[in-house]
Peer 1: 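I'd like to ask some things about the structure below.
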Amino acid sequence: MRRRSFLSHTAAAAAVAVPGWGRAQQAAPGIDLASKTVTVGAFTPITGPVPFYAILTHGADAYFKWANETNALNGWKINYVTYDDGYEPARSVAVTRRLVEESKVFALAAPIGTAQSVAVIPYAKEVGLPMIAPIGGATALFSERLVFPLLPDYGWSAASTLDYVAAAPVNAGRVSLLWQNDEVGRSAKRGFDMHCAALKKEAAESIPFEIRTTDFTAQVRRLANAKSDAVVFFGSNANLAAALKTAERIGFTTKWLAPFYTADPTTRKLAGPLLNGVYFSSWLLPVDADDAEVKAYRTSVAKHWPNDPVGVLGLNGWTNGALFVKGFQMLLASGKPLTRESLVEVMETMNNQNFGGARNVGFKPGDHRGTRQECIIQATADAFKLERDFKAFPSEVFDAKLA
């Protein structure tokens, strides 16, 4: 099992007195009071079917290094330890056990994978281990007391997309859904259908496709025959590019809307200028945004991981890393003992916080739906631009229990 330890050393900063704890406090696992270092960890797929997901881990690591370099934690440093799990849930549990027993981590921070994070929950509950910003989209993550996710349910995003395209100024009358036939697409379909019912609309078409689809001729002809004014798409970057190319080939023109993870330079490489004009519903600011922390992401990842592309995957990891930093800042300011339980307590008081590429994040006891709003991004010839500011998810979908 391969191990990576990401520890950034910065010049010693002046110690800042933190009320409410002192030398008599017994250090929790992962807390080194003498060196003012907190150790956190994650499982990540360095090997296996999706090794490129390690870009997410690199983004989180870049944020931790940036936090250390800018003294974001008042003299405290973050030691980030990760192990390869091959994207296998059983190995994710073994990695987490090793992080707890050998590396003595204070918390998990930005571990990778939906099924992987869900598999780790029973062990985390057994040892009282906070799971901060697991990068996955399972509904099961939203109600666990120890788990603080950022990624929204895809059903919320699909409803937010429909809400945008059906209203002024777009006013698309006939809206279709083109969805990947797996849990990503099925989650999107649930939210889309639910919001259609609330708007008293019917989908012009609702068409599934398999993830390996490269020729969308049959699907696009159905969209064209349905006279779709807009198409809400939920699938991979490659699928989106293939659908756009098919639409151009058969002469079908419509407004295309896609999920946040496709608002990325990798999609532009696949789709070329056909991506221009596509809209994206996103819980993250555009990767090209003129925002201080997004600009810091671009600079930091280029410095620490120069071989990684600057895009949504990295910004996603960066923002999930930022959630731990925000939570630990709140813990230091609270005066509570530096324990795992105290971290959970203060995280549940987080309200309308902005960090990384996320906006208006909050958690409450019994409600760990951290991301509560999305913006609309549009691809232009040379960038991804903010088209509409952040807006709350449609309530009838956001407040529903999406299985």
Side-chain angles (χ1 to χ4, degrees), residues 114 133-134 136-145 147-177 179 183-204 206 229-234 255 257-261 263 279-285 319 323 347-378 386-403:
T114 298
T139 306
L141 301 175
F142 300 133
S143 59
E144 292 288 347
R145 184 167 185 267
V147 185
F148 295 85
L150 277 181
L151 268 69
D153 187 288
Y154 291 122
W156 307 345
S157 292
S160 182
T161 306
L162 175 61
D163 193 62
Y164 171 74
V165 76
V170 181
N171 291 320
R174 298 180 61 77
V175 184
S176 293
L177 178 68
W179 52 280
E183 187 50 38
V184 170
R186 288 190 289 271
S187 294
K189 185 178 185 301
R190 285 193 292 267
F192 182 91
D193 291 347
M194 197 175 297
H195 197 47
C196 272
L199 296 174
K200 295 182 169 54
K201 291 177 65 73
E202 289 188 8
S206 180
D229 298 316
V231 176
V232 175
F233 172 93
F234 262 81
K255 293 180 176 64
L257 302 100
F260 82 94
Y261 54 83
Y279 297 93
F280 309 86
S281 186
S282 177
W283 68 278
L284 291 168
L285 287 167
T319 304
L323 177 59
M347 290 284 294
E348 289 192 325
T349 68
M350 188 178 293
N351 185 43
N352 292 329
Q353 293 295 310
N354 301 331
F355 49 81
R359 293 295 177 268
N360 305 304
V361 173
F363 301 97
K364 296 181 286 188
D367 179 3
H368 285 197
R369 299 172 297 174
T371 299
R372 296 165 186 272
Q373 300 183 341
E374 285 197 338
C375 65
I376 298 294
I377 295 170
Q378 187 175 33
L386 187 67
E387 170 66 19
R388 191 209 68 197
D389 207 351
F390 286 80
K391 180 181 176 181
F393 294 112
S395 60
E396 81 282 347
V397 179
F398 185 67
D399 293 330
K401 293 183 178 180
L402 298 180

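Note that these values count all heavy atoms, side chains included, but never hydrogens, waters or copies made by symmetry. Source: prediction; values computed, not measured.
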Peer 1: Taking ring pair (Phe, Tyr, Trp, His ring centres under 6.0 Å) as the test, write out the residues that go with Y261, two or more places apart.
Peer 2: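 Scan of Y261 (ring pair (Phe, Tyr, Trp, His ring centres under 6.0 Å), adjacent residues dropped) gives none.
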
Peer 1: Taking only residues two or more places apart in sequence, or in another chain, which ones meet N360 in a side chain to side chain contact (heavy atoms under 4.5 Å, CB included)?
Peer 2: N352, N354, Q373, F390

Peer 1: What distance do L151 atom CG and L141 atom CG have between them, rounded to the nearest 0.5 Å?
Peer 2: 9.5 Å

Peer 1: Looking at every heavy atom in both R372 and F363, which two are closest together, and how far apart are they?
Peer 2: NH2-CA, 4.2 Å

Peer 1: Minimum heavy-atom separation for G155 and V397, please, with both atom names.
Peer 2: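 For G155 versus V397, the nearest heavy atoms are O-CG1, 3.7 Å.
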
Peer 1: The criterion is side-chain hydrogen bond (donor to acceptor under 3.5 Å, both in side chains); which residues satisfy it with R388, sequence neighbours excluded?
Peer 2: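 R388 satisfies side-chain hydrogen bond (donor to acceptor under 3.5 Å, both in side chains) with no residue once adjacent residues are dropped.
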
Peer 1: Using side chain to side chain contact (heavy atoms under 4.5 Å, CB included) as the criterion, list what pairs up with T319, not counting sequence neighbours.
Peer 2: L150, W283, L284, L315, F355, A358

Peer 1: Looking only at heavy atoms, what is the nearest atom pair of G136 and T114, with distance?
Peer 2: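 The answer is CA-OG1, 3.1 Å.
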
Peer 1: Report all side-chain donor-acceptor pairs from residues 167-176 shorter than 3.5 Å, counting only partners two or more places apart or in another chain.
Peer 2:
from: N171; atom 1: OD1; to: A168; atom 2: N; distance (Å): 3.1
from: R174; atom 1: NE; to: A226; atom 2: O; distance (Å): 2.7
from: R174; atom 1: NH2; to: A226; atom 2: O; distance (Å): 2.9
from: S176; atom 1: OG; to: E205; atom 2: N; distance (Å): 3.1
from: S176; atom 1: OG; to: S228; atom 2: OG; distance (Å): 2.7

Peer 1: Would you please name every residue forming a side-chain hydrogen bond (donor to acceptor under 3.5 Å, both in side chains) with E396, sequence neighbours left out?
Peer 2: H195

Peer 1: Once you round to the nearest 0.5 Å, how far does SG of C375 lie from CZ of F280?
Peer 2: 11.5 Å

Peer 1: What I'd like to find out is whether the side chain of R145 reaches to under 4.5 Å of the side chain of E348, using heavy atoms alone.
Peer 2: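 SC-SC contact between R145 and E348 confirmed.
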
Peer 1: To the closest 0.5 Å, what do you measure between CG (D389) and CG (L285)?
Peer 2: 8.5 Å

Peer 1: Compare every heavy atom of F142 with every heavy atom of P149, then report the nearest pair and how far apart it is.
Peer 2: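 Shortest heavy-atom contact: CG-CD2, 3.6 Å.
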
Peer 1: List in chain and number order the residues that pass ring pair (Phe, Tyr, Trp, His ring centres under 6.0 Å) with F234, two or more places apart in sequence or in another chain; answer none if no residue qualifies.
Peer 2: none

Peer 1: Can you list everything that forms a side chain to side chain contact (heavy atoms under 4.5 Å, CB included) with E202? Sequence neighbours excluded, please.
Peer 2: none

Peer 1: Are side-chain heavy atoms of E374 and Y164 found at a separation under 4.5 Å?
Peer 2: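 A side-chain contact is absent here, since even the closest heavy-atom pair is not under 4.5 Å.
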
Peer 1: Evaluate S281 against L257 for side chain to side chain contact (heavy atoms under 4.5 Å, CB included), listing each step before the verdict.
Peer 2: CA-CA 7 Å; S281 186; L257 302 100; over 6 Å; no

Peer 1: Tell me every residue that passes side-chain hydrogen bond (donor to acceptor under 3.5 Å, both in side chains) with D399, counting only those two or more places apart in sequence or in another chain.
Peer 2: R369

Peer 1: Kindly write out the residues that satisfy side-chain hydrogen bond (donor to acceptor under 3.5 Å, both in side chains) with S282, not counting sequence neighbours, or none if the list is empty.
Peer 2: none

Peer 1: How long is the gap from OG1 on T371 to CZ on F398, to the nearest 0.5 Å?
Peer 2: 8.5 Å

Peer 1: Any donor-acceptor pair under 3.5 Å linking the side-chain atoms of D153 with those of T139?
Peer 2: yes

Peer 1: Do S157 and P152 come within less than 4.5 Å of each other through their side chains, counting heavy atoms only?
Peer 2: yes

Peer 1: The criterion is side chain to side chain contact (heavy atoms under 4.5 Å, CB included); which residues satisfy it with S206, sequence neighbours excluded?
Peer 2: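 S206: side chain to side chain contact (heavy atoms under 4.5 Å, CB included) contacts with L177, W179, K189.
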
Peer 1: Going by salt bridge (charged side-chain N to carboxylate O under 4.0 Å, His left out), name the pairs with one or both residues in residues 161-172, residues two or more places apart or in two chains.
Peer 2: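 Found D163-K391.
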
Peer 1: Does any N or O in the side chain of S160 come within less than 3.5 Å of the main-chain N or O of F393, such that one atom is a donor and the other an acceptor?
Peer 2: no

Peer 1: NZ of K364: more than 12 outside heavy atoms within 6.0 angstrom?
Peer 2: no

